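The block underneath contains the structure these notes are about, expressed in structure tokens.
Small disclaimer: the values here were computed from a predicted structure and weren't measured. By convention here, the first residue in the shown sequence is residue 1.
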Amino acid sequence: MEKIARAGDIVSEVFQVLARQARPGIRTAQLDKLAEELIIKRGAIPSFKGYRGYPYTTCLSVNEQVVHGFPGERQLLPGDIVGVDVGAFLNGYHADAATTIAIGPLDQGVSKLVQTTRDCLALAVSMVRPGIYWGDVAEAIEQKAVQNGFEVIHDLFGHGIGQKLHEDPLLPNFGKKGTGPRLKEGMIIAVEPMLVMGDYEIEILADGWTIVTKDGKWSAHEEHTLAITRDGCRILTGQRNYGEQ
């Protein structure tokens, strides 16, 4: 837990730096370079770079891109949102997290999407504890999303994490109470609600990685690495006090 927390501190620092730098006109490749330089400077290795052939340090997913967006020459525009997903590998263990950053003031509906996604993650954190079925958490995430006019992605999941970036169990953001894996003290999991403004159907672009909504509606993503403790859980990837626009 402590080793993952140290990797998580690096991930959190990356978010703080990128939230300050993510502004209209900056290219997503510039943000990726900043993240890679910081992770290496802190003595860690980017978890994503080289994972199953992925060529970048971060996944930077803009607007209708759900996850796994390639950094590149795209310039961020006022009113955009960018999902920043990043991992750090330190002393044999991974930490993984994501947040959605606003590029200036947002349209009211997009702002609600981003806030509701954050609220879904906060709800999950408040519920995770030993003995609870993941289905209880997943049902609550989906209900909050739907009550606010959004859908959760059905084909992408949270996951266990540790010496490998992705481990069992798979953790969907939809489900039914009393079903799914039963959480136990000592487990480390990456919880990551992904919400969309339209339909939850997705497709993969020609690069083989970037996942977008089929209907072109916008998506937001939030993720923490959590350790399940005796009385609840501990956030290992920092508190969410950046990019609050």
Using ring centroids (six-membered ring only for Trp), state whether Y56 and F48 fall under 6.0 Å.
no
When rounded to the nearest 0.5 angstrom, what distance separates CG in D80 from OG1 in T100?
12.0 Å
Please give me the minimum heavy-atom distance between Y133 and T179, naming the atom from each residue.
CB-O, 3.4 Å
Looking at CE of M127 and CG of D136, how far apart are the two atoms once the value is rounded to the nearest 0.5 Å?
5.5 Å
For the hydrophobic clusters of this structure (ILVMFWY residues joined by side-chain heavy atoms under 4.5 Å, transitively), does one cluster hold both I103 and V14?
yes
Over all atoms of both residues, closest heavy-atom pair of V152 and A145
CG1-CB, 3.8 Å
Measure from the side-chain N and O atoms of S111 to the backbone N and O of Q108, and report whether any donor-acceptor pair falls under 3.5 Å.
no
Take V125 and V191, measure what side-chain contact (heavy atoms from CB on, under 4.5 Å) needs, and give me the verdict at the end.
CA-CA 8 Å; V125 170; V191 176; over 6 Å; no
Side-chain donor or acceptor of R23 paired with backbone N/O of Q21 under 3.5 Å:
yes
Are F70 and Y54 an aromatic pair, judged by ring center distance below 6.0 Å?
yes
Group every Ile, Leu, Val, Met, Phe, Trp and Tyr by side-chain heavy-atom contacts under 4.5 Å, then state whether I45 and L38 land in the same group.
no
Quick one: does S61's side chain have a donor or acceptor within less than 3.5 Å of a partner on G69's backbone?
yes
Taking the side chain as every heavy atom from C-beta outward, state whether V84 and L31 have any pair of such atoms under 4.5 Å apart.
no
Joint hydrophobic cluster, M187 plus I141, side-chain heavy atoms closer than 4.5 Å
yes
I need the minimum non-hydrogen distance between A88 and A7, along with the two atoms involved.
O-CB, 3.6 Å
Check: G131 main-chain N/O paired with R182 side-chain donor or acceptor under 3.5 Å
yes
V212 and E203, any side-chain heavy atoms less than 4.5 Å apart:
yes
Taken to the nearest 0.5 Å, the spacing of R129 CZ from D231 CG works out to 11.5 Å
Donor-acceptor pair, D215 side chain versus D199 backbone, under 3.5 Å?
yes
Calculate, to the nearest 0.5 Å, the distance between atoms NZ and CD1 belonging to K49 and I39 respectively.
10.0 Å
Let me check something: do L156 and L170 share a hydrophobic cluster, defined by ILVMFWY side-chain heavy atoms less than 4.5 Å apart, either directly or through other members?
no
State plainly whether the residues E139 and K176 are in salt-bridge range, i.e. N to O under 4.0 Å.
no
Please determine whether side-chain contact (heavy atoms from CB on, under 4.5 Å) holds for the pair T213 and V66, giving the CA-CA distance in whole Å, both sets of side-chain angles, and the decisive distance to 0.1 Å.
CA-CA 7 Å; T213 58; V66 182; 3.8 Å; yes
Evaluate the side-chain contact (heavy atoms from CB on, under 4.5 Å) criterion for residues R6 and Y93: first the C-alpha distance (whole Å), next the side-chain angles of each, then the deciding distance (0.1 Å), finally the verdict.
CA-CA 9 Å; R6 285 195 286 274; Y93 289 89; over 6 Å; no
Are the side chain of E13 and the backbone N or O of I10 linked by a donor-acceptor pair below 3.5 Å?
no
Only one of T99, T237, D96 clears side-chain hydrogen bond (donor to acceptor under 3.5 Å, both in side chains) with H224; which?
T237
I'd like to know if the side chain of T117 and the backbone of H221 have a donor-acceptor N/O pair within less than 3.5 Å.
no
Ion pair K217/E201, N-O distance below 4.0 Å:
no
Apply side-chain contact (heavy atoms from CB on, under 4.5 Å) to the pair I101 and I81, showing each step before the final yes or no.
CA-CA 6 Å; I101 297 173; I81 54 175; over 6 Å; no
Find out whether M197 and K112 are in side-chain contact, i.e. whether some heavy atom of one side chain is under 4.5 Å from a heavy atom of the other.
no
Could you tell me whether the side chain of D85 and the main chain of L60 form a donor-acceptor pair under 3.5 Å?
no
If every non-hydrogen atom of P46 is compared with every non-hydrogen atom of I40, which pair is closest and at what distance?
CD-CG1, 4.4 Å
If hydrophobic clusters are built by linking Ile, Leu, Val, Met, Phe, Trp and Tyr wherever their side-chain heavy atoms come under 4.5 Å apart, do I228 and W134 end up in the same one?
yes
Quick one: pull up CG in L195 and CD in Q115 and give me the separation to the nearest 0.5 Å.
11.5 Å
Hey, are E222 and R118 close enough for a salt bridge, meaning a charged N less than 4.0 Å from a carboxylate O?
yes
Is there a side-chain contact between Q65 and V62, using heavy atoms and a 4.5 Å cut-off?
yes
Measuring from E192:CD to F157:CZ, what's the distance to the nearest 0.5 Å?
11.0 Å
